[in-house]
Every structure is written in C-alpha cells, then in structure tokens.
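Right, one structure below, let's go through it.
Note that ligands are numbered from 1 as they come in the structure, with each ligand's atoms numbered from 1 the same way. The basis for the numbers below is simple: all heavy atoms, side chains too, and nothing from hydrogens, waters or symmetry mates.
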Amino acid sequence: MAAKSDFSSIPILDLDLIRQGKDDVFLSQLQNSIFHVGFFYVKNHDIPQALFDKAKQLAEDFFDKPQEIKDKCDKIHSSSFLGYSKQGFEITKGKKDNREQYDFGDELNVVWEPGMPEYMKLYTEYQWPSDQDVNGFRETYLELLQQYKTLSLRLLGLIARALELPENSFEQYFTKIHQTRGKVIKYPAVSELDPKDGNQGVGPHIDSAGLITILYQASDLPGLQVQNHSGEWIDATPIPGTLVVNLQNGLDTLTGGITPATTHRVLSPPAGRGPRYSIPYFEGVRLDQPFKALNIPKKFDYLKNKTVVSDSEMRYNHLFLNDFSTALVSNRITSHSDVGIKYYPELARELGVKQ
Ligand SMILES: O=C(O)CCC(=O)C(=O)O
Ligand SMILES: [Fe+2]
C-alpha cells in the first residue's frame, strides 16, 4: 500500500506559467514535484521539436548501420566513457541492460598525462560517427546538448527559487571546467531478445552524474517506470510536447535529502511495436573541489530523512560531498567494465571489476 502522501502519477509542469508571470503557481507545483516525487514532466520548454525529430532520424540511421561502422566510435577507444556501446555491454545492478547507446558530451579534448587528476581522463577526446557514415550526427547532437544545457540552467534557477534560495545558487557547482553529457539509446523490443536476457532495458538506478536529468522519450512506447517511496512502479508514459525531468543523486545530497533522487528503470518494449528510442541529458558538475551543501531554510528540514524504498544499488551520498570525482569514475567503471579495466586498471582492481 502506498503511504498517504506517496505519489501515484508524475506531475506535469508548464513553463508558460512563468512567461505569464504566474511564478507562484509554477513554484508551488515545482516544490511538490521536487519534495515528494523527484520526477516531473515539463512542457513549453522551448527546445524545437524539429531538432528532436532530426536527432531521432539520425539515431535510427546510426543504429541501423553495420556493426563495424558503429564499432569505429566504440567507447573502448577513449577513457572518457563517451562513444558507442553495444547491446549487453552495460550492467546495472549486476544484470545486462538490453540497450544499445551512443554517449556524447561537451568536447573538452583534454590530453591526459600522468600527474593529472584521474577524473581528467573523463575529458579526453572521443569518437563520433563520421559525416560520411551518418551525415550531421555530431553537429545535431552538439546543438541538442547546448539546447538542453540552456533549459537545464533555467530549471536549476527555478529549483533554487523553489528552495527559497537565490536563483544563481547552483552556479558554484559548475563555474570551472565541467562536462555535461547526453546519450541516445535504442531499446529493442522484447521479442528481439534472447529469452535468457529477460526484459531489463535498464535496471533500477538513481542517476548519479550530477544534479538533474532531462529526457526526451522519442518513441510512443511504454517502458520508463519510476519507483514511488513505497516501492511501487509508476509508468512515465510519453506525453507529446513534454520532456521528463528527474533529480540526480547530487541534488539529493546537496539538499540533505530534502529533494530525493528517485529510482527508475526501463522495461524492454512490448513485441510488435518496434524499438524504443530515448535521449537523456545529464547536468554535470565541476570535479575539482569538494562540494558545500546548500544552505536551505530551516522550515524545509521536516522534509529530510524520508523513508524511501528503492531497488537501486547503493547511493554514493557521502562521497558526493567528499570525493565525488572518485565516486563518479567508480560508477562508470562498474557500468562499463571493458573501458574501466583498460584505462583505470588500479581503480578497477580495487573495485573488483571483472570483464
Ligand atoms: O531511456 C529512458 O527512458 C531512461 C534512461 C535512463 O534512466 C538513464 O539512462 O539513466
Ligand atoms: Fe536514469
């Protein structure tokens, strides 16, 4: 049974309310979403639908290419954990995820040398599909990354206001060099899978790269589910014209649990309706210094220490404030062991990661 205050649907927030000067209405809906759900849909977000349509078309073109073309931009060619990963090469909660994906991020093109911090390896060059293979892929996805970033900063400003903090409160977490990332994912229908692989598109997890995630569900298919605080799975059905926003572990930690990061998963799409595509964006944070928690008004303290049932793996909460860069790299190594073992051998060994 769901607790009385528990959620059974995901709120829909309309950024037009801000445009109309109804900030109070928007902010109170946002408070409800971030205090009690950790997920919300946002509409009138200003990212052109045509850009998403183009990105989806390019995703279909790319994933349909022969394996050797996709392998040219495999993650294994870079220490950044950016690039292509084959189906079954990502592990969540000890099980294979049945999805194929391409991860992209701000191109910082750091040349890593011994003596530099380990996390700087995340900022090295990575491979894109060439324009000969998929014309316009890199340009389109970098444009989308910029659009997502603008929206993300706007939403973080509103989240700060919902916490009764100055609008620019989050800037301290990303003024220096940092990297925002996105990925484009293809989830094959369950009928395409080996029955022994089950129906895990991506296993139960909490996003842990930074502050918030913004997600475009590019197919009209079910699959994304959000775990409420009593442990029930709630469908996040695609709604045309909206994006899904969820809070990451970093935000949860910075607010001392006032804004909990919510567990979610994707089930493989049902047979007969084709694959599901999605394009999430992850707001990253600077990794060069420990984080200071936000100084949130005492009146919100009653929202701390919520009891939340979660099927996700351990959260790295204590590490977010103290040693987030190691937590982040460790998380990547356990998710993508081949890259981890190749570029981070010592840490991979310490973590007991096996190929
Ligand atoms: O594909 C989706 O809808 C969600 C993906 C997701 O949760 C993730 O990659 O962190
Ligand atoms: Fe996620």
Side-chain angles (χ1 to χ4, degrees), residues 10 37-42 52 55-56 59-60 63 75 81-93 95-105 141 144-145 148 152 180-190 199-228 233-240 242-252 260-270 273-284 310-316 327-328 331-332 334-336:
I10 297 165
V37 186
F39 262 78
F40 57 93
Y41 294 92
V42 65
F52 284 121
K56 182 181 179 190
E60 288 174 334
F63 289 119
K75 282 193 176 58
F81 295 94
L82 296 172
Y84 169 73
S85 28
K86 278 197 246 331
Q87 196 174 311
F89 266 64
E90 198 185 11
I91 303 288
T92 302
K93 230 189 150 191
K95 272 175 70 180
K96 265 202 287 189
D97 295 326
N98 293 300
R99 62 179 188 171
E100 194 179 2
Q101 67 191 50
Y102 180 84
D103 288 67
F104 52 98
Y141 277 94
L144 185 56
L145 194 67
Y148 262 144
S152 172
T180 61
R181 294 180 171 221
K183 62 185 164 185
V184 49
I185 314 169
K186 175 182 179 181
Y187 297 90
V190 69
N199 70 342
Q200 173 167 301
V202 60
H205 67 280
I206 291 170
D207 292 344
S208 53
L211 300 178
I212 61 173
T213 303
I214 309 175
L215 171 79
Y216 174 60
Q217 302 199 68
S219 310
D220 187 19
L221 285 172
L224 178 61
Q225 295 189 318
V226 178
Q227 195 168 33
N228 74 10
W233 289 102
I234 309 295
D235 287 319
T237 309
I239 302 178
T242 67
L243 300 170
V244 175
V245 180
N246 64 277
L247 310 185
Q248 295 199 33
N249 209 5
L251 194 65
D252 187 340
T262 301
T263 304
H264 52 286
R265 69 179 180 188
V266 175
L267 302 179
S268 302
R273 293 174 63 192
R276 173 179 183 271
Y277 293 90
S278 68
I279 312 176
Y281 164 86
F282 304 94
E283 180 61 62
S310 168
D311 288 350
S312 80
E313 281 173 310
M314 138 179 134
R315 296 150 86 181
Y316 292 101
L328 182 66
N331 190 353
R332 297 258 183 273
T334 34
S335 294
H336 299 283

- At the 4.0 Å heavy-atom cut-off, does R99 count as touching ligand 1?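 Contact check R99 vs ligand 1: positive.
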- For ligand 1, is there an atom lying under 4.0 Å from some heavy atom of H205?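 Distance cut 4.0 Å: H205 passes for ligand 1.
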- Can you tell me the protein heavy atom closest to atom 3 (O) of ligand 1 and the distance?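 The protein heavy atom lying closest is R276 NH2, 2.8 Å.
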Using atom types as modelled and distance alone, determine if a side-chain donor or acceptor of [X] lies under 3.5 Å from a backbone N or O of [Y].
X	Y	value
Q227	D311	yes
Q87	P188	no
Y187	P269	no
K75	L82	no

- Task: Evaluate the ring planes of F39 and H264, with Trp represented by its six-membered ring, and classify them as parallel (under 30°), tilted (30 to 60°) or perpendicular (over 60°).
- Result: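 If you compare the ring of F39 with that of H264, the planes turn out perpendicular.
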By number and element, which atoms of ligand 1 are closer than 4.0 Å to a non-hydrogen atom of [X]?
X	answer
Y187	1 (O), 2 (C), 4 (C), 5 (C)
H264	7 (O)
V266	1 (O), 2 (C), 3 (O), 4 (C)
K183	9 (O)
D207	10 (O)

- Does a side chain donor of either Y148 or E283 reach within less than 3.5 Å of an acceptor in the other side chain?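 There is no such pair (donor and acceptor under 3.5 Å, judged by atom type) between the side chains of Y148 and E283.
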- Message: Looking at D103 and R181, is there a salt bridge between them, counting it only when a charged N and a carboxylate O are closer than 4.0 Å?
- Response: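 Result for this pair is no, no salt bridge flagged.
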- Indicate, as side chain, backbone, both or neither, the part of L215 found under 4.0 angstrom from ligand 1 when only non-hydrogen atoms are considered.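 For L215, the contact with ligand 1 is made by the side chain alone.
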- Query: Applying a 4.0 Å heavy-atom criterion (strictly less than), which segment of F282 is in contact with ligand 1: side chain, backbone, both, or neither?
  - Reply: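 Only the side chain of F282 comes within reach of ligand 1.
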- Query: Considering all heavy atoms of both residues, which atom of Y281 and which atom of S152 are nearest to each other, and what is their separation?
  - Reply: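 Reported closest heavy-atom pair: CE2-CB, 3.6 Å.
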- Pairwise distance CG(D252) to OG(S208) - rounded to 0.5 angstrom: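 Answer rounded to 0.5 Å: 11.5 Å.
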- Message: My understanding is that only one of T213, T262, D207 makes a side-chain hydrogen bond (donor to acceptor under 3.5 Å, both in side chains) with Q248; could you say which?
- Response: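 That would be T213; it is the only one of T213, T262, D207 passing the side-chain hydrogen bond (donor to acceptor under 3.5 Å, both in side chains) with Q248.
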- Which residues and atoms, protein N, O or S only, are under 2.8 Å from the Fe ion (ligand 2)?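 Checking every protein N, O and S atom gives H205 NE2, D207 OD1, H264 NE2.
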- Task: For K186, check salt bridge (Lys or Arg N to Asp or Glu O under 4.0 Å) against everything at least two apart and list the hits.
- Result: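 K186 satisfies salt bridge (Lys or Arg N to Asp or Glu O under 4.0 Å) with no other residue.
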